Amino acid sequence: MPPHRPEITEPCRVRFAPSPTGSLHVGGARTALFNWLIARRTGGRFILRLEDTDRERSTPESEAEILRVLTWMGLDWDEGPYRQSERDDVYADAVERLKASGAVYAAYETDEELEEQRAEARRNKQAPVVRGRREYSDEELARFAEEGRRPVWRFAVPLPGETVIEDMVRGTVTFGHDNIEDFVVVRSDGSPTYNLAAAVDDVEMGITHVIRGEDHISNTPKQMLVMRALGAEPPAYAHIPLILGPDKKRLSKRHGAASVEEFEADGFLAEPLCNSLALLGWSFDGKTERFSLPELVEAFSVGRISKSPSVFDLRKTEVMHGRYLRMMEPEAFTEALVNYLRSTGFIDAHGGEPAVEIVRRSAPAVKGKIARLSEYVNLAGWLFEPLAIEPAAWDVLTADVKHSIQVIGGGLGRLESLPEFTVEAVKDALQDQLHVMGEAARDFLEPQRIAVTGRLVSTGTYESLALLGREEAFSRYRATLARLADIWATA
RNA sequence: GGCGCAUUCGUCUAGGGGCCUAGGACGCUGGCCUCUCACGCCGGUAACACGGGUUCGAAUCCCGUAUGCGCUACCA
């Protein structure tokens, strides 16, 4: 691994700076996680900043969702959220200084002219960069004013020259200024662009380390240029590898569950999700994989962040999540399950508080069998509805009607004499009955389970019976027996 | 097209010249356990992109090639 890689050891000031244009995706969540981890690890500060300079696409809903998800994940911030849309004066001040020093210039090119400039460069197999005209005659200026043409302000990239990033993950990365165009810093409507706002904010907020996705690396020299023009020294940078979908392209909504919100809705818990996210692009020793959030804080280091992108493996995330659920304290699991089922509306849809009781009682029977909380419904959903035997399960019973009747009847008869109806008592009784009847466990127990749950897949036979309680269990037994008897009679 | 980055089992990864006939995990697979679905346990499968160097010795260092990805906006 990239052993002597620089490490952050002093308390740092890091930031997570999403643009509120959608829900928080896995990639962004991991970036937030890494920043948060290193802040907590070093006793530094984690700052939240919303980059909403794109007023068209930024929405308050998205912002609220991002804050909510971050909180859900357990990633609390020490400062902010700052909003770039509320910091116009800060940027205006920076722009004034840039103008005063001649670091930026007004450019009046039309879209067509810019397009032609880039096309021309392409034709010559050159970098498609834009260099605006810096001098205009008074007549031209007057004409533009008359036409209502407003300039954008471009950064005058110094030529010749180069900007070098000493990236904490990738090492030295050099960009020749020939390949950096005179990027726009102020739009024609006077608003700041991302490269200006991000640079100004990182300086102004005293950010010491910028940890962000690799997709930002080509913006970095631009931002460094702005910072230096402002007389500031850029922070340290760590560009982390992208998270890919199965097709090796950057993970996005196209790949299915790509937003944290969806994972949450699918019944994933925050801590194990963070655990999985942390393992994408970072490893501790190549062997240890289970980390609680506090353990991650303890173990995390930027020096062990990988340089190459990683494909997100949903299956592995699920497996790890299942293990986490199995290891939870029973009470914690039950509460998490109840909370989840409340949030999905399952509780309300099944009678409210009485349903909570059923969930609580059945939780132990599903703990250890599910990887995601949403799977509870498949295993125990039948508990909340009247008996309805699904077709495939009915086929099992009717494959040998006579045998089913005998076995189910035998089970019922034995159970009816039970003084108490606990899992243990039911188990002992059924096991005994199975031997008495000389049946194989499978041939005997499967029909019992189907008779009362109606499902091919459900909680275990003994648990299911005990969960239903004597009366309900017997009534279901009898209903199933009656149906089978009908078939037997007509056959 | 330009610039940048990356490249170890299908996937996540360990690996800083000999400890590597490449380790762990998921997947897949064989078996055990077993009332369904799962869990758990035991075993197997499978990788250093390619080509040149450097070196007694390279997955590890250098160069090149290939491939992939990112960026290439008055989006962030």
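Chain identifiers are assigned alphabetically (A, B, ...) following the order of the sequence lines, protein sequences preceding nucleic acid strands; residue numbering begins at 1 within each chain. Since we're looking at a predicted model, the values are computed, not measured.
A:D178 places a side-chain heavy atom less than 4.5 Å from the side chain of A:L159.
By the 6.0 Å and 45° rule, A:R483 stacks over the aromatic ring of A:W394.
Not less than 6.0 angstrom separates the ring centroid of A:F155 from the ring centroid of A:Y105. Ring centroids of A:Y340 and A:F346 are separated by 6.0 Å or more, keeping the two rings apart.
A:E162 places its CD atom 14 Å from the P atom of B:C3, with the value rounded to the nearest Å. Between the C1' atom of B:C12 and the CD1 atom of A:I305 lies a distance of 16 Å, rounded to the nearest Å. Following rounding to the nearest Å, A:Q431 (CD) and B:U34 (C1') show an atom-to-atom distance of 12 Å. Atom CZ in A:F155 sits about 16 Å away from atom P in B:C74, given to the nearest Å.
Taking every side-chain heavy atom of A:T193 into account, B:C74 is the closest of B:C74, B:C37, B:G2. Looking at the side chain of A:R323, the nearest of the listed nucleotides B:C5, B:C35, B:G40 is B:G40. Checking B:U7, B:G27, B:C35 against every side-chain atom of A:S308, the shortest atom distance belongs to B:U7. Of the candidates B:A6, B:C74, B:G15, B:C74 carries the atom nearest the A:V152 side chain, counting heavy atoms from C-beta on. Listed nucleotides B:C74, B:U36, B:C37 differ in distance to A:E446; the shortest reach to its side chain belongs to B:U36. Across B:G4, B:C35, B:C26, the shortest atom-to-atom separation from the side chain of A:V173 is found for B:G4. The side chain of A:K287 lies closest to B:G23 when the candidates are B:A25, B:C35, B:G23. If you check B:A14, B:C74, B:C35 against the side chain of A:R154, the one that comes closest is B:C74.
Under a cut-off of 6.0 angstrom, the local environment of NZ in A:K427 is sparse, with at most 12 non-hydrogen atoms contributed by other residues, nucleotides or ligands.
In this structure, A:R57 reaches the bases: a heavy-atom distance under 4.0 Å links it to at least one base atom across the strands shown. Within 4.0 Å of A:G281, counting heavy atoms only, lie sugar-phosphate atoms of the nucleic acid but no base atom. The residue A:T174 sits close only to the backbone: its heavy atoms come under 4.0 Å of sugar-phosphate atoms, none of a base.
Pairing partner, B:G68: B:C5, with both Watson-Crick or wobble hydrogen-bond distances short of 3.5 Å. Remark: B:A73 base-pairs with no nucleotide in the shown strands. Criterion, Watson-Crick or G-U wobble with two distances under 3.5 Å.
With A:I207 as reference, A:I47 is the one residue of A:V14, A:D201, A:I47 to meet the side chain to side chain contact (heavy atoms under 4.5 Å, CB included) rule.
For A:S283 and B:C12, the shortest distance from a side-chain N or O to OP1 or OP2 is not below 4.0 Å. Dashed line: the shortest gap from a side-chain N or O of A:K307 to OP1 or OP2 of B:A6 is under 4.0 Å. One finds a side-chain N or O of A:R315 lying less than 4.0 angstrom from the OP1 or OP2 phosphate oxygen of B:G27. In this model, the phosphate group of B:A38 is not approached by any side-chain N or O of A:R372 to a distance below 4.0 Å at OP1 or OP2. For the pair A:S310 and B:U13, the criterion of a side-chain N or O lying under 4.0 Å from OP1 or OP2 is met. For B:G40, the OP1/OP2 oxygens have a side-chain nitrogen or oxygen of A:R326 closer than 4.0 Å.
In this model, no side-chain donor or acceptor of A:K369 finds a partner on the base of B:C39 within 3.5 Å.
Nearest-nucleotide positions on RNA chain B place A:T459 closer to the 5' end than the other of A:T459 and A:V130. Nearer the 5' end of RNA chain B, as judged by each residue's closest nucleotide, is the contact made by A:R449, out of A:S19 and A:R449.
Scored by the side-chain hydrogen bond (donor to acceptor under 3.5 Å, both in side chains) test, A:H209 finds no partners at all (sequence neighbours excluded).
With respect to the salt-bridge test (charged N to carboxylate O, under 4.0 angstrom), the residues A:D88 and A:R83 do not qualify.
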Every protein N/O lying under 3.5 Å from an N/O of nucleotides 69-72 of chain B:
unit_1	atom_1	unit_2	atom_2	d
B:C69	OP1	A:K249	NZ	2.3
B:G70	O3'	A:R250	NH2	3.4
B:C71	OP1	A:R250	NH2	2.4
B:C71	O2'	A:S218	OG	2.8

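Using a 30° and 60° split on the angle between ring planes, A:H239 and A:Y237 fall in the parallel class, below 30°.
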